[in-house]
2 protein chains.
Amino acid sequence: MVRQRGYAATSVEDICADAGVTKGAFFHHFASKEALAVAAADAWTDVAAVRIFTLPDWVRLSDPLQRLIAHVDFRLSMMEGAAADFTCFVGTMVQEAYATSEAIRTACDASISAYCARLAEDIAAAIDAHPPRIPIEPLALAHHIQAVLQGAFILAKTKGEPSAARESVQHLQTYIALLFGRGETNEQDDFRQPAGH
Amino acid sequence: MVRQRGYAATSVEDICADAGVTKGAFFHHFASKEALAVAAADAWTDVAAVRIFTLPDWVRLSDPLQRLIAHVDFRLSMMEGAAADFTCFVGTMVQEAYATSEAIRTACDASISAYCARLAEDIAAAIDAHPPRIPIEPLALAHHIQAVLQGAFILAKTKGEPSAARESVQHLQTYIALLFGRGETNEQDDFRQPAGH
DNA sequence: GCCATCATACCGACTGGTTGGTATGTATCA
DNA sequence: TGATACATACCAACCAGTCGGTATGATGGC
């Protein structure tokens, strides 16, 4: 429901009605709407970890670069149908709550940070196994992948349809291929380093 | 205010108080809160176009690839301080309203589409002037750039601080450099210029 | 086996406050 | 004189959260 209407627009009563639970029962188990949001973000972290890093077959590929590529392929393959069905609950919620609820922001940060940290492991291993043409910071690339996905979700919501979102992820695929020197055997490495002032 | 608290959490009365206007005056000029949202998205389109495509000095660079690179540098240079000050109003609002208000979704789509179309012009010219190592669809790359920016905004909100967002945009810079085969052609070695206003 | 005690789980009516929007009155100006 | 531009008071709906009360089940003394 949050992925469809947003956090503020989803009332506790809506949630209760959908869950087949009374408001009294709800407030018996959760101190506030905010507490549910935090619990839901935590639960999302666990569910997403299983769905993305445990269940798929490709997570058992031996080559970490193949796993990384399969990971992005997998995320792309999820982008079809209604946006509310494939977008990120945590990313949606944090946009509304980051400035008003530190508890929610922290829970969403934990969720995204856990995802990026896990992804950075494979990236680090991929760098070891297949030295890229330019130096890569694993966590920074994980952040970039996360950003492309979150941004693609916004595109899908905006367009009402996921083709632009998919185009964006396809460019991410191209980037990873270029980084790890697939397709072209180009020897010069005078690429400018990302400049961080 | 929407960039800070979100659309639903921003009341008409809040907006009126901030603008020094009474509620009566507001509803004299706008039929509804939704009508204001649409008008604000339209206004955002115009303001952003001027700020990004007219005012900066680098828009008058002759080489379209230099303009494209300066563009991304410029967007990166804006990512500092509080997230509410540099994030995208339209991208924030559409996430909450895309499923509940077709009028708002359409206005936000028009804003983002106008930005991408304009960016795609420079990309198309850059492709002509500096044939890339792999085929590029101008509008698709524009979508990708837009996605990275929107995703970076989410990262900044989540982390409470924009360094991860900047890392992501720096990867976008690297991608563009790789795409256009920097070093491969006989181009000048540094077409960056200090971004500012 | 039986009852008193108590904690947990839950219900649903209610409350104080907020919200988008309206109805009505008034000042200004062409 | 009439249209425009407001201001003020107000309303019905809604919302998060509370509160008094009930059902259930575990514990323990006798």
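Please read these numbers as outputs of a predicted model, since none were measured by experiment.
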Exercise for the section: Would you confirm whether A/Lys33, through its side chain, and A/Tyr7, through its main-chain N or O, come within 3.5 Å as a donor-acceptor pair? Expected result: yes

Problem - Out of D/dA16, C/dC10, D/dA7, whichever nucleotide has its closest atom nearest the side chain of B/Thr22 - result: D/dA7

Exercise for the section: Consider the side chain of A/Ala25, meaning its heavy atoms from C-beta on, and name the nucleotide among C/dG20, D/dA16, C/dC11 that approaches it most closely. Expected result: C/dC11

Practice task
Measure the shortest side-chain to side-chain distance between B/Phe86 and B/Arg3 over non-hydrogen atoms and say whether it is less than 4.5 angstrom.
Solution key: no

Practice task
For the residue pair A/Gln150 and B/Thr158, establish whether any side-chain heavy-atom pair is separated by less than 4.5 Å.
Solution key: no

Can you check the [X] [atom1] to [N] [atom2] distance for me, whole Å?
| X | N | atom1 | atom2 | answer |
| --- | --- | --- | --- | --- |
| A/Asp14 | D/dA16 | CG | C1' | 12 Å |
| B/Ile15 | C/dT18 | CD1 | C1' | 15 Å |
| B/Lys33 | C/dT22 | NZ | P | 15 Å |
| A/Phe27 | C/dT15 | CZ | C1' | 13 Å |
| A/Phe26 | D/dT18 | CZ | P | 12 Å |
| A/Phe30 | C/dA9 | CZ | P | 12 Å |
| B/Tyr7 | C/dT19 | OH | C1' | 12 Å |

Practice task
Test for a donor-acceptor pair under 3.5 Å between the base of D/dA16 and the side chain of A/Lys23, counting only N and O atoms.
Solution key: yes

Practice task
Return the 5'-most residue of the pair A/Glu13, A/His29 with respect to DNA chain C, ranking by each residue's nearest nucleotide.
Solution key: A/His29

Handout entry: Rounded distance [0.5 Å steps], CG in A/Asp73 versus CD1 in A/Ile176
Key = 9.0 Å

Problem - Under-4.0 Å side-chain N/O to phosphate OP1/OP2 contact, B/His28 with D/dT4 - result: no

